[in-house]
There are 2 protein chains.
Amino acid sequence: MPVKEKDSPTKGEITRLAIEDAALELFMEHGYHATSMRQIAEQAGLALGGIYNHFSSKEAIFEGIVVDKHPYKKILPLILGAQGETAEEFLSNAMRIAIDELDREPYYIKLMMIEFVEFNGQHGAAMLREIAPKVLPVFEQVVKIRKNMRVTNPAMLMRIFFGMVLSYFITNTIVSNSIISKLMPKNPMDVYVDVILHGVLKPET
Amino acid sequence: MPVKEKDSPTKGEITRLAIEDAALELFMEHGYHATSMRQIAEQAGLALGGIYNHFSSKEAIFEGIVVDKHPYKKILPLILGAQGETAEEFLSNAMRIAIDELDREPYYIKLMMIEFVEFNGQHGAAMLREIAPKVLPVFEQVVKIRKNMRVTNPAMLMRIFFGMVLSYFITNTIVSNSIISKLMPKNPMDVYVDVILHGVLKPET
DNA sequence: CCTACCGATCGGTAGG
DNA sequence: CCTACCGATCGGTAGG
């Protein structure tokens, strides 16, 4: 008799995951509409019809990925564990953690952009409704702990933080395909973190 | 005899423009691959086959739009004309001009993202090769005029400037579809401009 | 610039 | 989970 592990995935779960992984890879490369169900099936190692035992449609695969692969589940605990003494330390650490993690698994940024371009942000708004209540308190804490902040609205601070990470990744992709990458400093991430904290100007002393 | 205006567009040019405008609208709504040549033809008011008198393929339409509709032609002169006395004034003005213009014609941000998602940034790198030499000198000037800047690398400053504008728009779209828009300040653009100049922290005085 | 057509491929399903 | 199939639609073209 085989040992029955409580949390070992069933065969169905394995196949479902294989389909999601295959689809994710193809979506990343070509976007949603340019990826066919036949390509996904082949990449996942089963026949076209087999997919429909696990997902009711192509869009259902996309939605499954958006939910199952969301990186905030991994990133949020890391950020919560990385409290610094000052708000400056905390924000700096948090931003590095987020960028590092997304650098290691860059798929999600692109997934968000696919959603934006090919679905007009339908799933994105729903996602935000789920995540915002969990992430917003972190920024409320930051604003409360450190009194002398320029940005005191927690939602706005969250937006700037998130937008900054996004902007780092998009410009990073554009720049790395270009000759002007040679003109960049070696540590663009440090510069980004520094700018969000202190701005591009030196204070007038 | 009809008066012959030197710069009045020919009938062919008018049709070509109508095709580009129709395609742009559809690309904005559904992305590239989800838009069909038949939809473009219908929207432009001609038969499918007629398109091929003006464009050799669907991708050629996209490339035509990327070139013809590029907003830097409109934005760059405005920015050059808006010199402020200090670098702070100049950067602040430049960012407002760029955001205002892109707000009035928001198509281009989305076009860039379509390019990123569905073409993996192929045309984007080519575009950058053309634009960077014209825009980079502006930032070189800024860095030269104002000595006490935190970011002294012109290419990096350009990247941050461009990324900031991008981040403003993407987060703006996400937020405006969401309940958390109520939590935002009334002037998010002012906050954005302030942050890029001075950071989220107040200086330690 | 349109009509009528091409082969290819699409998402999805029936039946086993 | 696969085989074989469906109708619909795709980008593109020939011929006028």
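Naming: A, B, ... by sequence-line order, numbering from 1 per chain.
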Practice item. Calculate the interatomic distance between B:Arg16 atom CZ and C:dC1 atom C1'; express it in whole Å. Key: 17 Å
**Study point:** Ring centre gap for A:Tyr107 and A:Phe27 strictly below 6.0 Å
**Key:** no
Practice item. Take A:Tyr72 and A:Lys134, measure what side chain to side chain donor-acceptor pair (under 3.5 Å) needs, and give me the verdict at the end. Key: CA-CA 10 Å; A:Tyr72 97 95; A:Lys134 295 178 184 169; 3.2 Å; yes
Practice item. Specify the separation, in whole Å, of atom NE2 of A:His33 and atom P of D:dG11. Key: 12 Å
**Study point:** Close side-chain approach of A:Met112 and B:Ile174, heavy atoms under 4.5 Å
**Key:** yes
Review point. Is A:Val175 close to A:Lys182 at the side-chain level, that is, under 4.5 Å between some pair of heavy atoms?
Key: no
Point to revise | Protein-nucleotide distance (A:Met37, atom CE; C:dT13, atom C1'), rounded to Å | key: 12 Å
Practice item. For the residue pair B:Asp103 and B:Phe169, establish whether any side-chain heavy-atom pair is separated by less than 4.5 Å. Key: yes
**Study point:** Minimum side-chain heavy-atom gap A:Met158-A:Asn153 below 4.5 Å
**Key:** no
Review point. Expressed in angstrom and rounded to an integer, what is the separation of A:His30 atom NE2 from C:dC10 atom C1'?
Key: 16 Å
Review point. Going by heavy atoms in the side chains, are A:Phe90 and A:Glu85 under 4.5 Å from each other?
Key: no
Review point. Would you say D:dC1 has OP1 or OP2 under 4.0 Å from some side-chain N or O of A:His54?
Key: yes
Review point. Rounding to a whole Å, what distance do you find between A:Glu42:CD and D:dC1:P?
Key: 17 Å
Review point. Phosphate oxygens OP1/OP2 of D:dC10: is one of them under 4.0 Å from a side-chain N or O of B:Ser36?
Key: yes
**Study point:** Per-nucleotide pairing state of DNA chain C [Watson-Crick or G-U, under 3.5 Å; [ ] pseudoknot-crossing; | other strand]
**Key:** ||||||||||||||||
Check your understanding: Distance check: side-chain N/O of B:Thr15 vs OP1/OP2 of C:dC1, anything under 4.0 Å?
Key -> yes
Study note, to complete from the structure: Closest to the side chain of A:Tyr52, out of D:dG12, D:dC2, C:dT13, is C:dT13
Point to revise | For atom CD1 of A:Ile51 and atom C1' of C:dG11, their distance in whole Å | key: 10 Å
Revision key, fill the gap. Among the nucleotides C:dG11, C:dC2, D:dG11, whichever has the atom closest to the side chain of B:Lys58 is D:dG11
Exercise for review: Identify, between B:Thr35 and A:Asn53, the residue whose nearest nucleotide on DNA chain D lies closer to the 5' end.
Suggested key: A:Asn53
Check your understanding: Nearest-Å distance, CD (A:Glu59) to P (C:dG11)?
Key -> 13 Å
**Study point:** A:Leu48 CG - D:dC1 P separation (whole Å)
**Key:** 14 Å
Practice item. Taking only the side-chain heavy atoms of B:Arg38 (C-beta and beyond), determine which of C:dG12, D:dG12, D:dC2 contains the nearest atom. Key: D:dG12
